[in-house]
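Just so you know, these numbers come straight off a predicted model, no measurement behind them. Lettering follows sequence order; numbering is per chain, from 1.
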There are 4 protein chains.
Amino acid sequence: MAPYNEDQLNQIRDERREQILAAALGVFARRGPALTKMSMIAAAAGISHGLLYHYFKSKDELFTELVRRAMEGASQGVGDMLDHPGTVTGKLRHFLQDAMTEEARLSFLLIHQTRASEGVPEEARMIIGDYSILWFVERLRPLFLEGQRTGEIAGDDADLLITGLLTAMSGSMILHASDEQNIPLLNPDHLLRMVLAPGHIQPL
Amino acid sequence: MAPYNEDQLNQIRDERREQILAAALGVFARRGPALTKMSMIAAAAGISHGLLYHYFKSKDELFTELVRRAMEGASQGVGDMLDHPGTVTGKLRHFLQDAMTEEARLSFLLIHQTRASEGVPEEARMIIGDYSILWFVERLRPLFLEGQRTGEIAGDDADLLITGLLTAMSGSMILHASDEQNIPLLNPDHLLRMVLAPGHIQPL
Amino acid sequence: MAPYNEDQLNQIRDERREQILAAALGVFARRGPALTKMSMIAAAAGISHGLLYHYFKSKDELFTELVRRAMEGASQGVGDMLDHPGTVTGKLRHFLQDAMTEEARLSFLLIHQTRASEGVPEEARMIIGDYSILWFVERLRPLFLEGQRTGEIAGDDADLLITGLLTAMSGSMILHASDEQNIPLLNPDHLLRMVLAPGHIQPL
Amino acid sequence: MAPYNEDQLNQIRDERREQILAAALGVFARRGPALTKMSMIAAAAGISHGLLYHYFKSKDELFTELVRRAMEGASQGVGDMLDHPGTVTGKLRHFLQDAMTEEARLSFLLIHQTRASEGVPEEARMIIGDYSILWFVERLRPLFLEGQRTGEIAGDDADLLITGLLTAMSGSMILHASDEQNIPLLNPDHLLRMVLAPGHIQPL
DNA sequence: TATGAATGAGGGTTCATTCAT
DNA sequence: TATGAATGAACCCTCATTCAT
């Protein structure tokens, strides 16, 4: 009856699952969970809405799975940046560039939606709960302290500088997502100026 | 004979109307129009949902009235800043401080929601239509060009600087609104650094 | 305090009551009880909706009072017609003319609404309950039988003729009320033809 | 693989649609659009109210579709009658009999409701707009004039006769619908008497 | 696996009724 | 007596979810 064997079926299942997740990420990230309709995800994935429920028990479960993956990605992005060779300025510039790719932005937006929305599944909230902006501050603090020793980073309170940088970056992504026509993404070098010591700012 | 006289009735009506508008601004600005339920506004205003409809014909009309007021406020805020005496840096610092008061932030958020959401009343969209971020860029451009002449402002493309400054500021408001516990508003002086010439940046 | 004495107050009360009843009759008769809003009656009577409740406990009570009066009027109209001197044909023509005056029509319509609508107060339904079309048939039967003896009335089943005449008359009122622009009231002489013996029909 | 094939789905959809339309016609025709609740239609069709919205976008659209069909039917009924062979009297008798079948009556009632009610969808009003009672008068006028030549129809103003006949017929339908227990439909032969010349009236 | 018909809880809005003045 | 602000039940409609095939 079934025209596929076991392995082929598994492969189809996996592909479908990824296809759904990719489609759902785009919609959830831009519209937020409450305004995302299952029918939108189905349309974006090119399948029927009924089929979504073969792969995910509910909208909440699908959303939560995406949040889990987004957090893993974000966490790994910070790690990669810290491992990157070069000066503090170079590492930061790399980080900002990586963070502002299309894919990374969607993850950022999804995390923002999770934090900003009510009615978010409890589990999703718990997953990001520990990774508030403070989590990033702690990861980046050593880098900023080193930058202040080398004179690259401005002498203000390091935590404040980090928070500011991340805030401006995230906010820019949100605004850009809300109106791509009119609001360009922030230039990474302008962002960097917020935290670099005056002497290290280079003209564009 | 008449139970309340004309003046008393007008006073009750005006107070209620303002009370509703204030409550609605808070809810709409944070949640967006689609996720704002009339019952939330009623609860925030401490009245029944039925009473909302004595003062505003519909959710759309209430929202649109708020957008109208927000745009008037935003437009006036820019005008005031340009009239403010002092250096370019001083004017900008004042502008950022004014813009980040509680009241101004709610207006900014509301305008953001109007631009970012689907299903916004057509009239509201028209009201903000002309005031995209470009509108602000044009108003601020003379100031930035002057700042570049006086050496206060960095030499990059002025429009890019303005857009960046406004983006970071707006984004910060959005993030702060989404999670006041964890995401502080950007420090105006950090924001200024994005656009000031290195020589003019002063330690905090 | 009160600028009126007892008698004046009573007079005001009675006038107000009649004013409300007259206004309500027009609205109820044309729109039916369910589609008649208390605010419409108040507007038609030129008073506030709140005042309605000083004179009538509820919409249902107001409606029921009107039905009571309408039934009294209808019942009296039939009695008057039977007492009228002249031939059977003459009595019937008089009856039809009286029944199609503005005032009588509103009463007919109200009774129709009571019978046709759901959600009518139980008491109103009971008041008209006994006065179905059969009530009229019984009152008019002697007249029709006499007319058949004198040769004025056609020889068909008398009850059927009566029912037909009343139906056509009532239906005409309903249609006229629904679209006065386009649907004229039936001509009483055309109506009479439905029941007169061929030899007694006179050209218009 | 596909659960139902295309044909099965089309059949289910068509059946449901007709089932809903039939149920809705009965309710709308008797109660009018404003007093017809979607839950009533759903109950009459034996489905959930939610399902109605899979087949019709709104109450207004459902109502309008019914009005469209009713007008087509009414218009065709008149055409058929004119094509019917036989005397003028025979044609008219046939017309009255056809018009008073259960199905035709519901259509008549629906059109009446459309004309009589406020808050009717604009499109529905436009559909019947051209078909006021005058439309019927014009279609039937040649037949009546011919009847007057042959001596079958009374010599009064033909338009008045037609209007009267249609009014009495429609009114009878409305009354019958409002209280089937007590108000029988008018006998077509009694109706005919309203317009036939005395010599052509035959005993029942 | 895949589809879409079917259900029902929840939010916007209207309107009868109450009540402070 | 008279007004109109205030309340809440009920109806239209949307959309997450289930289920027959």
Side-chain angles (χ1 to χ4, degrees), chain A residues 1-4 8-9 12-13 16 34-42 47-60 62, chain B residues 1-6 8-9 12-13 15-16 34-42 46-60 62, chain C residues 1-4 8-9 12-13 16 34-42 47-60 62, chain D residues 1-6 8-9 12-13 15-16 34-42 46-60 119:
Chain A
M1 192 65 147
Y4 300 110
Q8 286 171 315
L9 278 178
I12 289 177
R13 267 196 291 270
R16 272 273 186 270
L35 291 181
T36 294
K37 297 162 199 168
M38 289 299 262
S39 60
M40 290 172 177
I41 298 173
I47 61 175
S48 73
H49 67 270
L51 190 53
L52 289 178
Y53 288 88
H54 282 265
Y55 290 92
F56 298 92
K57 253 207 310 278
S58 68
K59 181 169 151 177
D60 279 2
L62 173 52
Chain B
M1 189 85 92
Y4 290 95
N5 64 38
E6 194 68 17
Q8 287 172 313
L9 279 177
I12 289 178
R13 274 195 287 260
E15 281 174 8
R16 272 278 181 271
L35 292 182
T36 294
K37 290 150 203 168
M38 289 300 261
S39 60
M40 291 171 178
I41 297 174
I47 62 175
S48 73
H49 70 271
L51 190 54
L52 290 179
Y53 290 89
H54 277 265
Y55 289 93
F56 297 93
K57 262 207 296 286
S58 67
K59 182 171 154 178
D60 278 4
L62 173 51
Chain C
M1 191 64 143
Y4 300 110
Q8 286 171 315
L9 278 178
I12 289 178
R13 266 197 290 271
R16 272 273 187 269
L35 292 182
T36 295
K37 296 163 200 169
M38 289 299 262
S39 61
M40 291 172 177
I41 298 174
I47 60 174
S48 74
H49 67 269
L51 190 52
L52 289 179
Y53 289 87
H54 281 264
Y55 290 92
F56 298 93
K57 253 205 311 277
S58 68
K59 181 169 152 177
D60 279 3
L62 173 51
Chain D
M1 189 81 99
Y4 291 95
N5 65 37
E6 194 69 17
Q8 287 172 314
L9 279 177
I12 289 177
R13 276 195 285 259
E15 281 174 8
R16 272 276 181 272
L35 292 181
T36 294
K37 291 150 202 168
M38 288 301 261
S39 60
M40 291 172 180
I41 298 174
I47 61 175
S48 73
H49 73 270
L51 189 54
L52 289 179
Y53 291 89
H54 277 264
Y55 289 92
F56 297 93
K57 264 207 293 286
S58 67
K59 182 170 150 176
D60 277 3

[X] side chain, from C-beta outward: closest of [options]:
X	options	answer
His49(A)	dA5(E), dG12(E), dA2(E)	dA5(E)
Tyr53(B)	dT21(F), dT17(F), dT13(E)	dT13(E)
Leu51(B)	dT7(F), dC11(F), dT3(F)	dT7(F)
Lys59(D)	dT3(E), dT3(F), dC12(F)	dC12(F)
Lys37(A)	dA16(F), dC13(F), dT7(E)	dA16(F)

Which atoms form the tightest heavy-atom contact between [X] and [Y], and what is the distance?
X	Y	value
Tyr53(A)	Lys57(A)	CD2-O, 3.5 Å
Tyr55(D)	Arg13(D)	CE2-O, 3.7 Å
Ser48(A)	Ala42(A)	C-CB, 3.8 Å
Lys59(C)	Thr36(C)	NZ-O, 2.7 Å
Ser58(A)	Met38(A)	C-CE, 4.3 Å
Leu35(A)	Ala34(B)	CD2-CB, 3.6 Å

Any side-chain N or O of [X] below 4.0 angstrom from OP1/OP2 of [N]?
X	N	result
Arg13(D)	dA5(E)	yes
Tyr55(B)	dA5(F)	no
His54(C)	dT1(F)	yes

*Which one is paired to dT14(F), where only Watson-Crick or G-U wobble pairs with both distances under 3.5 angstrom count?*
dA9(E)
*Watson-Crick or G-U wobble mate for dA2(F), both contacts under 3.5 Å*: dT21(E)
*Identify whether any heavy atom of Leu52(B) sits under 4.0 Å from a base atom; if not, whether one sits that close to sugar-phosphate; answer base, sugar-phosphate or nothing.*
nothing
*Just call it for Phe56(A): base, sugar-phosphate, or nothing, with non-hydrogen atoms closer than 4.0 Å on any strand.*
nothing
Euclidean distance, atom [atom1] of residue [X] to atom [atom2] of [N] [Å, nearest integer]:
X	N	atom1	atom2	answer
Ile47(B)	dT18(E)	CD1	P	21 Å
Ile41(C)	dT17(E)	CD1	P	10 Å
Arg16(B)	dA6(F)	CZ	C1'	8 Å
Leu35(A)	dG11(E)	CG	C1'	14 Å
Leu9(D)	dA5(E)	CG	P	6 Å
Ile12(B)	dA6(F)	CD1	P	7 Å

_Let me spell it out: for each of Gln8(B) and Asp60(B), pick the nucleotide of DNA chain E with the closest heavy atom. Which residue's pick is nearer the 5' end?_
Asp60(B)
*asked:* Which is more 5' along DNA chain E, the nucleotide nearest Met38(C) or the one nearest Gly46(D)? Just name the residue.
replied: Gly46(D)
_5' precedence on DNA chain F between Ser39(D) and Ser48(B) (nearest-nucleotide basis)_ = Ser48(B)
